[in-house]
Amino acid sequence: MKNDEDLPDNVDWIEVAGKEKLATKNYVPGNSVYGEHLQKSSTHEFRIWDPYRSKLAACIINGMKNIPFTSGSTILYLGSSTGTTPSHVSDIVGKDGLLFCVEISSRVARDFIDNVVSFRNNIIPIIADAHNIDSYTSIFRNIDSVYCDISQPDQTDIAISNCKEFLSSGSKLLLVIKSRSIDTTKSPKSIYEQEMTKLESSGFDIDQMIDLHPFDKDHALIMATMR
Amino acid sequence: MANKLILTEAGIIIINDKYEVLQSHRFQPGSEISLYSETKRGIIAANIKEFLLSQSDLLSDSSEVNDQSLLTILHNLYPNENFIYKTINSSNLFPLFVQSGFFNSEEEIRNFLQEFSIEYSKQQIRDVSGKEDLQIIEGINSLDELDKAINILMARINEWYGLHFPELENLLKDSNVYFKFVSLGLDRTSITEKDLSSFSFSEKKLDAIFSSAQNSKGGSINSKDLSIISILSENIINQVKVRDKVLNYINNLMNNIAPNLSAIAGPTVGARLIAKSGGLMKLARLPSSTIQVLGAEKALFRSLKSGSRPPKHGIIFQHDMVHSSPKHQRGKIARSLASKIAIAARIDAFRGTKEIDIENSLDERYREIQEKYASPVANRNNFTKKKHKKLRRSMNEKRRRSS
């Protein structure tokens, strides 16, 4: 599990109080976004990445390999919420990278801008509905990958339409499947299957599907490549 | 071939089909946000209008536009031309920014866009936060929280003063009078008639208070204990006053913003529905079946999952018409009430005028239900139980097959 080679750039296992914990190199040293622990090593400062609060951290701990986020990549992030995960992705992409973060709710966007965006110059916030691609701020760089974490019954369709608009062939989509948002009456497993079939029939190849148990109940993260 | 017109945060660019910039109009530096957001709302500034009108030879039939509101603006400026809406491939934007002379490097674009998007987002947040239904939501939530706090504290003081004078609770049933009494901080063994002159108690009541004060089962208490109980009690009396003010405020606001909804559902139930759905506009877009069970999500999802009987009412149970009716009528009344609430919310959200017809038709249906279903239908319960048992069985089978 704890193999450094599989980790994205700027991510590492850090020992805190005798336990190995996932952490990202702090892009803004001294700044803790949501009260996470800051740990200084000899050369860098690290922010501990809590898998119970961030699904991306949970999926890395559960064994997701070859995450497409690297130093310098440009990412379209749908559903940034208050910015827990985006802040760590911002650590990963670093100063040459860029994050376009789409969020529909102005209430959480308020916290996102105050606590995250104002400290990090590699994030561009967009308050818009991810259904309406034309209401986005100009996305002037090629998007390398899309991360989608939206609680909507049609979350997969939203992710697909955004990928079709901004991704080129061979690029990756990371999609959080919230089975409880899609249909509460079906079993989570059958929903994961159903959404994977939907992706495959819309021109994606599924690379990996990781269940986020025990960090999140009834959630899975799918990595797919656009054909 | 047709040219393309592109709206960006920094200005408007016209390109040909080879993605070469033909013309561009840079928004005045410093006012990009207001110009951009006005254009997005379909309002056009004089400068931009002049620019668009001067480009008549570049903007011809079937030119492509990347923004819906700019498309509408163009159709108004050029009524005889037919423009087409089409998004632009994002990877081409960077060279266009440079070619049109808006920016010289990616660094510049990045800095501009980051600053722009933060300010633009702040403006969007400001616009949304200024909406009046947000005031209703916060207002009704504080009312509910005040109620909760007042109830908890009242029970606590009942207990505390009850150690000293337990009989008083039964003598003074009106909680306002009770807490006024407690706030005087009186030791029951030394109460005089003068102490109680601010109350308008009858002779009989006074006698009862004095005699039970003398023969009380309560323990003794010192003045320090009494003074802290009295302060707490005063605090409650103040909170009740605040609560009434908040209630009054909600009633006024609801009558202004949602007159039809307040008339049908009542101001507080209407406000709770707005709070639960997230706003008047959102409530107006809900189907009446959803409105009927808003607030009963737990029961609804339990029913969807296990096939048990669905809830008949959520928040609207608090409406007099529903909770004061016999049990067997409540489902029907809740259904018709929810449908009228849906209509009322839509009128409030989109038209904003007061309509009396809905109120009348609701009353009519209410009376009809009362007459037609005056007594519960025999065996009906048995029938629905059987129906749901069957539903449950088929659902379980389906689940077995799918997993």
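Reminder, nothing fancy here: chain letters follow the sequence lines and each chain counts from 1. Just so you know, these numbers come straight off a predicted model, no measurement behind them.
- Panel note: side chain B:Gln124, backbone A:Ser106; no donor-acceptor pair is recorded below 3.5 Å.
- Heavy-atom distances place the backbone of A:Arg120, and not its side chain, under 4.5 Å from chain B.
- Using a 4.5 Å cut-off between heavy atoms, B:Gln68 touches chain A through backbone and side chain atoms alike.
- Looking at B:Asp67, both its backbone and its side chain come within 4.5 Å of chain A, counting heavy atoms on both sides.
- In this structure the side chain of B:Ser121 never reaches within 4.5 angstrom of the side chain of A:Ile126, judged on heavy atoms.
- Counting non-hydrogen atoms of neighbouring residues, nucleotides and ligands closer than 6.0 angstrom, the NZ atom of A:Lys198 exceeds 12 such neighbours.
- Put simply, the side chain of A:Asn122 does not reach to within 4.5 Å of the side chain of B:Gln114, judged on heavy atoms.
- If you measure heavy-atom distances from B:Phe94 to chain A, the contacts under 4.5 Å come from both the backbone and the side chain.
- From B:Arg110, atom CZ reaches atom CG of A:Asp96 across 7.0 Å, with rounding to the nearest 0.5 Å.
- Residue A:Lys164 qualifies as enclosed at atom NZ: its count of foreign heavy atoms under 6.0 Å is above 12.
- Of the two parts of A:Asp183, neither the backbone nor the side chain holds a non-hydrogen atom closer than 4.5 Å to a non-hydrogen atom of chain B.
- To the nearest 0.5 Å, the span separating CG on B:Asn66 from OG on A:Ser138 amounts to 8.0 Å.
- Of the two parts of A:Ile113, only the side chain, counted from C-beta on, holds a non-hydrogen atom closer than 4.5 Å to a non-hydrogen atom of chain B.
- A perpendicular orientation is assigned to the rings of B:Phe97 and A:Phe140, their planes being inclined by more than 60° (bins at 30° and 60°).
- Under a cut-off of 6.0 angstrom, the local environment of CD in B:Glu106 is crowded, with over 12 non-hydrogen atoms contributed by other residues, nucleotides or ligands.
- Rounding to the nearest 0.5 angstrom, the gap separating the CD atom in B:Glu115 from the CG atom in A:Asn121 is 11.5 Å.
- Counting heavy-atom pairs closer than 4.5 Å to chain B, the top-ranked of the candidates A:Arg110, A:Arg141, A:Arg107 is A:Arg141.
- Atom CD of B:Gln99 is surrounded by more than 12 heavy atoms from other residues, nucleotides or ligands within 6.0 Å.
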Side chain to side chain contact (heavy atoms under 4.5 Å, CB included) between A:Ile139 and B:Leu93, worked out: CA-CA 8 Å; A:Ile139 292 184; B:Leu93 272 171; 5.6 Å; no

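- Chosen from B:Leu113, B:Leu7, B:Asn111, the residue pairing most often with chain A at heavy-atom distances under 4.5 Å is B:Leu113.
- Chosen from B:Asp127, B:Leu134, B:Ile118, B:Leu96, the residue pairing most often with chain A at heavy-atom distances under 4.5 Å is B:Ile118.
- A 6.0 Å sphere centred on NE2 of A:His213 holds no more than 12 heavy atoms belonging to other residues, nucleotides or ligands.
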